[in-house]
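Here is the structure we will look at, set down as structure tokens.
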Amino acid sequence: MNNLLTKHILGELENREKFQIDLLEWFDSHQRELPWRHNSSLYKTVISEFMLQQTRVTTVLPYFKKWIEKFPDFNSLAFAKEEEVLKGWEGLGYYSRARNLHKLSKIVSTWDSFPTDAKSWQNLPGIGPYIAAAITSISFNQKEAVCDGNVVRVLTRILACGEEFKDGSVAQKKLQPHAQTLLNIQRPGDYNQALMELGAIVCHRHSPCCTICPVQAYCKSGKQGDPERFPVLAKKKKSFQKIKRFWIESSDSLLLQKPKEGGNKLVGIYELPKAIELEIAKKGKILAVKKRTIGQVDFEESIYLTSLKQDCEINRYNMEWIKWENLNKITLSGPHRKWIEELKLKNSK
Ligand code: SF4
């Protein structure tokens, strides 16, 4: 791994400089128009970087627009209620990002000025090495290289790095020193964005567009014709989980559950009740079976149409009757909102 760069044409400073110039020229003329690049600000950069973690740009775009309208700066976000913040995030998933953003805003809104170094940013909620490098290079021109999944893909292909990594985060850590060596120190923020942009719109996971790639001259795997071999990640074992859920409705409401335990990732977000509370419900008929994958787990969730047993205490289970007309006012997990809309329509036919 250590020899990768020294054996490569980018091991020579002169070639690295040409590589950086070619990449930056391409970025200057081909970068996508994205709302956080328009009238850019530290706040927009922070919000976009949080939203873009594990989420595609096309998914983030409408959320970012609505978010900036509702919470235009750190202060407005700091003073918002947690319910409002979660509602603004509804459908984006990984809600800990929204909670961390909220906490971060409460801290930075008390500051007179912002720190410019990555280490200080890493002390804030939800900020790891990648986001700290992205924020400080883009907003403060700090010489910090980013190394996310896109950068890993581009660099392992350029270097034809055949080392097998346990997972993406191990690959990011291992490639980080190489990313740092290749960084353009005059325009670190633009360079970082250029490398990520290349990974997003040219060096695709499948069928990379090598013939139009601005750095093909430096790319070992592109020349060899086998870029899709890289990066080499160890195959992960998938697991499977079955979950039973209830559909319990009255004439004007639907019964929903709001997890409250601190360890639950969906704390504070409503969802259809789980069958773990079977003691409160009668046996019902199956209404729908939904499949989805989260990380390495394949879930199969069966939703049963049923009704409550008499005299059960729904409060004990963090359950609440939500009136149909109030469903849009609460925060539901993304898939649950889709399921509820679909099943409500089906039941009304
Ligand atoms: Fe990716 Fe191909 Fe460009 Fe290499 S030449 S960086 S594999 S698009």
Side-chain angles (χ1 to χ4, degrees), residues 1-34 37 52-58 130 133-134 137-138 143-235:
M1 185 74 189
N2 288 336
N3 290 331
L4 271 180
L5 208 48
T6 46
K7 285 183 184 165
H8 193 275
I9 54 168
L10 291 178
E12 283 182 32
L13 179 64
E14 196 185 330
N15 291 333
R16 281 206 294 278
E17 286 173 352
K18 280 190 205 150
F19 165 81
Q20 292 163 0
I21 291 168
D22 288 347
L23 183 63
L24 281 165
E25 278 181 1
W26 169 81
F27 182 65
D28 289 339
S29 54
H30 287 81
Q31 63 176 289
R32 289 168 293 180
E33 274 196 28
L34 298 173
R37 289 180 182 157
L52 287 167
Q53 282 178 293
Q54 289 156 308
T55 312
R56 288 171 183 276
V57 165
T58 44
Y130 163 74
S137 64
I138 295 170
K143 297 163 191 153
E144 298 280 352
V146 297
C147 195
D148 70 345
N150 279 331
V151 174
V152 164
R153 188 164 62 254
V154 174
L155 292 189
T156 52
R157 288 175 176 178
I158 287 176
L159 301 171
C161 166
E163 179 177 341
E164 183 180 276
F165 302 110
K166 190 173 141 249
D167 55 34
S169 69
V170 170
Q172 287 168 23
K173 273 191 200 133
K174 292 247 181 144
L175 266 303
Q176 175 66 41
H178 295 304
Q180 193 64 41
T181 306
L182 293 174
L183 182 71
N184 176 279
I185 55 173
Q186 278 79 41
R187 297 174 59 192
D190 287 342
Y191 171 88
N192 278 334
Q193 291 186 80
L195 207 52
M196 292 190 282
E197 191 82 342
L198 187 74
I201 65 175
V202 176
C203 193
H204 306 291
R205 190 183 305 259
H206 302 294
S207 309
C209 308
C210 300
T211 50
I212 56 155
C213 177
V215 296
Q216 195 199 14
Y218 313 88
C219 181
K220 215 167 163 184
S221 76
K223 284 183 195 161
Q224 289 171 186
D226 60 355
E228 288 186 59
R229 266 186 58 212
F230 308 97
V232 185
L233 296 174
K235 285 215 163 56

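Hydrogens, waters and symmetry mates play no part in the numbers below; they use all other heavy atoms, side chains included. Worth saying up front: this structure is predicted, and the values here are computed from it rather than measured. Numbering of ligands and ligand atoms starts at 1, following listing order.
With a cut-off of 2.8 Å, atom 2 (Fe) of ligand 1 has no N, O or S atom of Cys203 in range. At least one N/O/S atom of Cys219, from backbone or side chain, sits under 2.8 Å from atom 4 (Fe) of ligand 1.
The ligand atoms of ligand 1 that sit less than 4.0 angstrom from a heavy atom of Cys213 are 3 (Fe), 5 (S), 6 (S), 8 (S). If you number the atoms of ligand 1 from 1 as listed, the ones under 4.0 Å from a heavy atom of Pro227 come out as 7 (S). Near Gln216, the atoms of ligand 1 lying under 4.0 angstrom from a non-hydrogen atom of the residue are 5 (S).
Side chains of Arg229 and Gln224: a donor-acceptor N/O pair is absent below 3.5 angstrom, by distance only.
Formation of a donor-acceptor pair under 3.5 Å by the Glu197 side chain with backbone atoms of Arg32 is found in this model. Under the 3.5 Å distance criterion, the side-chain polar atoms of His8 are left unmatched by any main-chain donor or acceptor of Ala160.
The number of heavy-atom neighbours closer than 6.0 Å to NZ of Lys7, taken from other residues, nucleotides and ligands shown, is 12 or below.
Cys210 SG, 2.4 Å is the protein heavy atom nearest to atom 2 (Fe) of ligand 1.
Nearest heavy-atom pair, Ala133 versus Ala145, reported as atom, atom and distance to 0.1 Å: CB-O, 3.6 Å.
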